[in-house]
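First comes the structure, then the notes that go with it.
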Amino acid sequence: MLPIVEQAQKYLNNIAIFSNGKSFTYAQLVKDSNYFAALLLKDEKDLKEQRIAFMVNPGFDYVKTLWAIWQAGGIAVPLCITHPLPSLEYVLEDTAASTIVLSKEYLAVLQPYINKTNINFIVIEEPALEILPMVNKEQGNFSMPTIDISRKALILYTSGTTNKPKGVVTTHQNIKAQITTLINAWEWSENDKTICVLPLHHVHGIINVVCCSMWAGASCYFIPQFSPKLIFDLFTNNGLNVFMAVPTIYFKLMTYLESISQKEQVALKNVMSSFRLMVCGSAALPISVMEKWEGFSGQRLLERYGMTELGMAISNPYFGERRAGYVGMPLPGVSIKLVNEQYEQASVDEPGEIIVKGDNVFLEYWQNQTATQTSFTKDGWFKTGDIAVIENGYYRIMGRNSVDIIKSGGYKISALEIEEVLRMHEHISDCAVVGIDDEQWGELIVAALVVHDRTFFNEVALSKWLVEKMAAYKKPRKYLLLEELPRNAMGKVVKNEVKKLFES
Ligand code: MCA
Ligand code: AMP
């Protein structure tokens with residue numbers, strides 16, 4: 001049996017999920033995911049790592065689908081529920097997904113792809129019994145293939161220093177390692193109640209919130225989309241005790257807190273100060289945000305460092321000092337080294353690139369041997385591209401080794417990917433995309449443009465055109481029209497000069 005499903009046997013009567021105003025026990029999750037796995041299998045005994053894409057709303061259906069794909073021997077490919085068709089198509093084509101599982105509201109966006117390819121699709125709300133008429137769902141206990149934990153389980157897309165996102169493949173073993181290190185380090189238990197406010201096509205939401213709570217036998221609440229009021233209402237009325245988010249979310253929650261009365265603020269502080277744990281990560285947590293949040297909530301945030309390719313790697317301690325501006329120490333089972341440009345151990349007190357080894361480290365980039373090879377050292381350490389230094393035993397992240405990677409609102413965004421789309425626009429002859437510091441978003445995406453004729457440039461029309469082609473959160477928030485881009489003697493755009501132009 002799959003490790004996470006096996007774990008659930010210990011907690012069958014616990015409430016696993018609250019979504020859409022309903023609660024679901026682990027027994028229900030096990031039964032329904034088993035049934036759905038049988039549906040995915042149809043006449044096959046094992047999906048043998050077929051890629052099953054799914055565009056399913058956060059909640060019971062999402063977790064059921066994920067567990068079903070895993071039990072049936074498929075590789076789960078979660079799609080972002082807010083992406084436009086071209087971004088979805090890219091993932092579907094790249095993974096050559098054999099089936100798409102979807103909530104019915106996403107049928108419209110996916111229909112052109114379904115029509116074009118004739119891909120098998122399952123709308124999750126449809127009565128599944130019609131497809132498996134011979135079986136009684138209530139008694140369903142379908143035999144499932146034996147899945148060796150070295151098999152591939154998940155593909156998540158991550159942007160990098162190439163213009164197209166890469167599929168990060170993790171095995172069941174990687175996922176188990178990513179989950180269990182956090183279960184131990186952060187003392188997850190079946191008494192925990194958390195809420196998932198993060199998108200479910202990235203590690204932070206999938207592993208840290210959903211899989212950890214499901215592994216521990218805890219309860220996880222889901223909300224349809226990010227809303228400070230909804231989050232605080234759930235905090236207040238449901239005895240939640242664990243919360244995880246990116247810095248931008250804490251910033252947005254504080255903006256909301258500032259908008260309510262003093263009395264309401266005090267009431268919420270009372271609720272929040274009884275939480276067991278609040279975690280922040282995916283991007284640098286500004287010390288100002290950490291301190292202000294402590295004032296509002298009575299909670300000292302635990303900051304940690306992770307990556308799609310690794311899950312979590314470095315964490316401040318659960319017990320002990322949570323040091324502002326630092327991400328803590330390597331998690332148990334995760335080996336970390338700081339190295340110089342030659343990939344030799346950096347001198348003590350000197351900054352170096354973080355390289356990582358351990359069962360948590362992903363297997364490969366999907367069908368991209370070159371990228372996989374170049375991202376590991378000869379002796380098998382994964383090169384993160386992040387620069388850090390150790391100060392008094394704690395790691396401090398100093399930045400990245402590429403200006404082309406932007407972190408905005410916790411999303412990792414490739415400047416090159418946006419530039420490629422911008423260059424397709426009829427009025428744009430050249431462009432350079434950079435991230436500039438921003439209190440709320442961490443970095444704000446901005447673009448310097450060289451246009452054929454300024455009289456034709458219309459920012460609103462450009463934004464509308466862009467979001468038909470890529471996720472709205474990748475859209476530049478400011479533009480600057482230039483006669484030419486700043487370039488060095490080799491003709492390469494000097495991105496730091498572009499940044500300065502915006503900052504001035
Ligand atoms: C939304 N917008 C953004 C972003 N999100 N702009 C830049 N960067 C963003 N991240 C824009 C929208 O396009 C829209 O603009 C406007 O903000 C409001 O959009 P809306 O969707 O209503 O915003 P929101 O709901 O308030 O979303 C903000 C958010 C979201 C909740 C902070 O960005 C989010 O969920 N971020 C978390 C991402 C995440 O999980 N990252 C973890 C990656 P307009 O109206 O003009 O269209 S995993 C990872 O990093 C590793 C493993 C790790 O360490 O965890
Ligand atoms: P992703 O590829 O979306 O998984 O993003 C991973 C990247 O997020 C890392 O390589 C870091 O650059 C960044 N990151 C994650 N956590 C932190 C943190 N606590 N502080 C600074 N950067 C972080």
Side-chain angles (χ1 to χ4, degrees), residues 58 80-84 156-161 165-166 168 170 178 182 196-210 223-228 230-231 244-253 255-256 279-286 289-290 301-316 324-328 353-354 356 360 362 375 382-388 395-402 405-414 418 435 438 440-446 459-460 463-464 466-467 470-478:
C80 174
I81 57 175
T82 57
H83 276 181
L156 299 178
Y157 276 78
T158 189
S159 296
T161 44
K166 297 189 290 274
V168 175
T170 41
Q178 292 178 3
L182 296 186
C196 181
V197 302
L198 293 158
L200 286 172
H201 61 295
H202 282 305
V203 159
H204 199 165
I206 302 172
I207 301 293
N208 297 22
V209 181
V210 175
I223 52 174
Q225 73 256 334
F226 176 73
S227 148
L230 244 177
I231 293 171
M244 297 186 191
V246 301
T248 304
I249 290 184
Y250 285 104
F251 187 96
K252 282 175 175 265
L253 291 178
T255 307
Y256 174 84
V279 179
C280 186
S282 299
L285 169 62
V289 173
M290 182 171 182
L301 291 174
L302 183 156
E303 186 179 4
R304 71 358 171 234
Y305 160 88
M307 198 172 183
T308 307
E309 287 87 337
L310 310 170
M312 298 305 107
I314 308 177
S315 169
N316 268 283
Y326 292 81
V327 291
E353 181 180 345
I354 304 175
V356 185
N360 59 306
F362 77 123
S375 70
F382 173 68
K383 309 173 193 169
T384 63
D386 290 310
I387 310 298
Y395 283 70
R396 182 160 67 85
I397 307 291
M398 304 182 71
R400 286 179 300 271
N401 62 7
S402 167
I405 295 174
I406 302 169
K407 264 269 160 168
S408 180
Y411 282 117
K412 190 177 186 187
I413 295 159
S414 161
I418 303 169
D438 182 80
Q440 176 170 198
W441 294 102
E443 285 181 291
L444 202 65
I445 307 164
V446 298
E459 196 176 313
V460 177
S463 284
K464 192 166 169 286
L466 278 174
V467 297
M470 61 184 200
Y473 58 77
K474 296 181 179 172
K475 178 175 84 175
R477 303 284 141 177
K478 282 184 192 164

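Ligands are counted one by one from 1 in listed order, and the atoms in each one are counted from 1 as well. Scope of the values below: all heavy atoms of this structure, side chains included, with no hydrogens, waters or symmetry mates.
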Nearest 0.5 Å, what's the NE2-OG1 distance between His201 and Thr308? 9.5 Å
The criterion is side-chain contact (heavy atoms from CB on, under 4.5 Å); which residues satisfy it with Pro165, sequence neighbours excluded? Tyr90, Tyr157, Ser159, Glu417
At under 4.0 Å between heavy atoms, which part of Lys412 makes contact with ligand 1: side chain, backbone, both or neither? neither
Nearest 0.5 angstrom please: Leu444 CG to Lys478 NZ, how far? 6.0 Å
Once rounded to the nearest 0.5 Å, what's the spacing between atom CG of Asp386 and atom CD1 of Ile397? 5.5 Å
Within a distance under 4.0 Å of any heavy atom of Ala472, pick out the atoms of ligand 1 and give their elements. 13 (O)
Distance flag for atom 18 (C) of ligand 1, protein heavy atom under 4.0 Å: no
Check for me whether Gln225 has a heavy atom closer than 4.0 Å to any atom of ligand 1. no
Would you mind telling me if ligand 1 is within reach of the side chain of Gln178, the backbone, both or neither, using heavy atoms under 4.0 Å? neither
At what distance is the nearest protein heavy atom to atom 2 (O) of ligand 2, and which residue and atom is it? Lys412 CD, 2.8 Å
Which atoms of ligand 2 are found less than 4.0 Å from any heavy atom of Glu303? 18 (C), 19 (N), 20 (N)
Measure the distances from the heavy atoms of Arg304 to every atom of ligand 1 and state whether one is below 4.0 angstrom. yes
Counting only heavy atoms, which portion of Ala283 has something under 4.0 Å from ligand 2: side chain, backbone, both, or neither? backbone
Numbered atoms of ligand 2 (with element) below 4.0 Å of Thr308, judged on heavy atoms: 1 (P), 2 (O), 3 (O), 4 (O)
Residue, atom and distance of the protein heavy atom nearest atom 53 (C) of ligand 1 read Ser282 OG, 3.2 Å
Out of curiosity, Lys407 NZ to Ser282 OG, how far, rounded to the nearest 0.5 Å? 5.0 Å
If we number the atoms of ligand 1 from 1 as shown, the ones under 4.0 Å from a heavy atom of His202 are 43 (C), 48 (S)
Tell me, do Pro286 and Pro247 make a side-chain contact under 4.5 Å, heavy atoms counted? yes
Give a yes/no verdict on whether any heavy atom in Arg304 is under 4.0 Å from an atom of ligand 2. yes
For Met312, run the side-chain contact (heavy atoms from CB on, under 4.5 Å) check against Asn360, Val203, Val279, Ile207 and tell me which one passes. Val203
Is there a nitrogen or oxygen of Leu198 sitting under 3.5 Å from a nitrogen or oxygen of ligand 1? no
Touching ligand 1 at all, Pro199? Heavy atoms, strictly under 4.0 Å? yes
Working note: Val356 + Met307, criterion side chain to side chain contact (heavy atoms under 4.5 Å, CB included); need CA distance, chi angles, decisive distance, verdict. CA-CA 11 Å; Val356 185; Met307 198 172 183; over 6 Å; no
So CG of Leu466 and NZ of Lys475: to nearest 0.5 Å the spacing works out to 8.5 Å
Among protein heavy atoms, which sits nearest to atom 11 (C) of ligand 1, and what does the distance come to when rounded to 0.1 Å? Arg477 NH2, 3.6 Å
Which ligand 2 atoms, with their elements, are less than 4.0 angstrom from a heavy-atom of Gly306? 6 (C), 7 (C), 9 (C), 15 (C), 16 (N)
With heavy-atom distances below 4.0 Å as the criterion, list the atoms of ligand 2 near Lys407. 1 (P), 3 (O), 5 (O), 6 (C), 7 (C), 8 (O)
Counterpart residues, salt bridge (charged side-chain N to carboxylate O under 4.0 Å, His left out), relative to Glu443 (two or more places apart): Arg400
Tell me whether Glu303 contacts the main-chain N or O of Leu285 through its side chain, where contact means a donor paired with an acceptor under 3.5 Å. yes
Which is closest to atom 50 (O) of ligand 1 by heavy-atom distance: Met307, Met244, Lys407? Lys407
Heavy-atom distances under 4.0 Å decide this one: backbone, side chain, both or neither, for His202 against ligand 2? neither
Got a donor-acceptor contact below 3.5 angstrom from the Thr248 side chain to the Gln440 backbone? yes
In this structure, does ligand 1 have an atom that sits under 4.0 Å from one of the heavy atoms of Lys252? yes
Please confirm whether the backbone N or O of Leu302 pairs with a side-chain atom of Asn316, one donor and one acceptor, at under 3.5 Å? no
Atom 7 (C) of ligand 1 has as its nearest protein heavy atom Ser408 OG, 3.1 Å
Run the numbers for me: atoms of ligand 2, each under 4.0 Å from some heavy atom of Met307, listed by number. 4 (O), 6 (C), 10 (O)
Closer than 4.0 Å and a protein heavy atom, does any atom meet both conditions relative to atom 27 (O) of ligand 1? no
Polar side-chain atom of Glu353 near backbone of Gly385 as donor-acceptor pair, under 3.5 Å: yes
Atoms of ligand 1, numbered as shown, that sit under 4.0 Å from any heavy atom of Thr308: 52 (C)
For Gly306, atoms of ligand 1 separated by under 4.0 Å from a heavy atom: 54 (O)
Closest heavy-atom approach to atom 34 (C) of ligand 1 among Tyr473, Tyr411, Phe226 is made by Tyr411
Step by step, would you call Tyr473 with His83 a side chain to side chain contact (heavy atoms under 4.5 Å, CB included)? CA-CA 9 Å; Tyr473 58 77; His83 276 181; 3.0 Å; yes
Protein residue, atom and distance nearest to atom 11 (C) of ligand 2, heavy-atom basis: Asp386 OD2, 3.3 Å
So the atoms of ligand 1 within less than 4.0 Å of a heavy atom of His204 turn out to be 42 (C), 48 (S), 55 (O)
Spacing of His202 atom NE2 and Leu156 atom CG [to the nearest 0.5 Å]: 8.0 Å
For atom 4 (C) of ligand 1, what's the nearest protein heavy-atom neighbour? Residue, atom name and distance, please. Trp441 CZ3, 3.1 Å
What protein heavy atom sits nearest atom 13 (C) of ligand 2, and how far off is it? Ser282 O, 3.6 Å
the protein heavy atom lying closest to atom 21 (C) of ligand 2 turns out to be Ala284 N, 3.3 Å
Starting from atom 41 (N) of ligand 1, which protein heavy atom do you reach first, and at what distance in Å? Gly410 O, 3.0 Å
Is the shortest distance from atom 22 (O) of ligand 1 to a protein heavy atom below 4.0 Å? no
When distances are taken from atom 44 (P) of ligand 1, the protein heavy atom at minimum range is Lys475 NZ, 3.6 Å
Ligand 2 contacted by Thr384 (non-hydrogen, < 4.0 Å): no
Plane angle bin for Phe382 and Phe362 - parallel if under 30°, tilted between 30 and 60°, otherwise perpendicular: perpendicular
What's the shortest distance from atom 38 (C) of ligand 1 to any protein heavy atom, and which residue and atom give it? Gly409 O, 3.5 Å
Do any heavy atoms of Thr158 fall under 4.0 Å from ligand 2? yes
Would Ile249 count as a polar contact of ligand 1, with the cut-off being nitrogen or oxygen pairs under 3.5 Å? no
